[in-house]
Amino acid sequence: MQGLIQRVKHAKVEINNQVVGEISQGILLLLGVEKYDDTQTADKLLHKVSNYRIFTDENDKMNLSLKDIKGELLVVSQFTLAADTKKGMRPSFSSAATPSQANELYEYFVAQAKELGLTIATGEFGADMQVSLCNDGPVTFNLSV
C-alpha cells in the first residue's frame, strides 16, 4: 500500500465541476492499493498517516501529527501509485490490486479513519477527479508499509 501525503493549507476534489470532498489544514493522502495488501496493511498505513509528525511546533520543528493539530484528512484513491516504473517508458500495473480489492481496502481505510475520530473527506473511487491543493511547505512524503 502506497500513501503519498502532502501537508496542505487546504485541498479539494471535484468531479464534473462539483466539489465532492474538501478540507482545510491537514493532509491530502493519495492512496494506492497493491495486490498483496490487506486490512492489516491499511491499519498500519492509517496509523502512520495519522501520527506522522509533519506539522510544526512552537519552535518551527516538525514535531506534531495530524492528530495533534486536530487537522483534516482528504483521502483520494490513486491507482497510478501502484505502478512499476523501473523499466521502459510505459508504467506497468502488474502489482496493483484489482478494482474490487482496491475499492474494498479504500473503503475500509476511510471507515477506520472515521473510527479514529478524524475529520475526513474523500474523492470517489475510480472516478475522473480533479484535485486542487495548497501544499504547505511544500511538504510531501511517500509512506509505505
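With a 4.5 Å cut-off on side-chain heavy atoms, Leu74 and Ile27 do not count as touching. For the pair Met129/Ser77, a side-chain contact is recorded, criterion being any heavy-atom separation below 4.5 Å from C-beta on. For the pair Ile120/Val110, a side-chain contact is recorded, criterion being any heavy-atom separation below 4.5 Å from C-beta on. You'll find the side chain of Leu66 reaches within 4.5 Å of the side chain of Phe55, heavy atoms only. Proximity of Ile15 to Asp128: side-chain heavy atoms (C-beta onward) are nowhere separated by under 4.5 Å. Side-chain contact check for Asp136 versus Gln6: every heavy-atom pair is 4.5 Å or farther apart. Considering only heavy atoms from C-beta on, Thr140 stays 4.5 Å or farther from Ile5 through its side chain.
Under a 3.5 Å cut-off, the side chain of Glu34 and the backbone N or O of Met1 do form a donor-acceptor pair. Between the Arg7 side chain and the Ile54 main chain, a donor and an acceptor come within less than 3.5 Å of each other. With Arg53 contributing its side chain and Met62 its backbone, the two residues share no donor-acceptor pair below 3.5 Å. Without hydrogens or angle criteria, Gln101 side chain to Lys35 main chain gives a donor-acceptor distance under 3.5 Å. Within the 3.5 Å criterion, the main-chain N or O of Lys61 finds no donor-acceptor partner in the side chain of Asn59. A donor-acceptor distance shorter than 3.5 angstrom exists from the side chain of Asp38 to the backbone of Gln40, with no hydrogens or angles considered. With hydrogens and angles disregarded, no donor-acceptor distance shorter than 3.5 Å links the side chain of Asn103 to the backbone of Glu107. In this structure, Glu72 contributes its side chain and Ser24 its backbone to a donor-acceptor pair below 3.5 Å. The main-chain N or O of Thr41 is never found under 3.5 Å from a side-chain atom of Asp37 such that the two would form a donor-acceptor pair.
The two residues Leu73 and Leu29 make their nearest non-hydrogen contact at CD1-CB, 4.0 Å. Residues Tyr106 and Val76 come closest through the heavy atom pair CE1-C, 4.3 Å.
Taking the six-membered ring where the residue is Trp, Phe141 and Tyr52 present perpendicular rings, their angle passing 60° and hence far from 30°.
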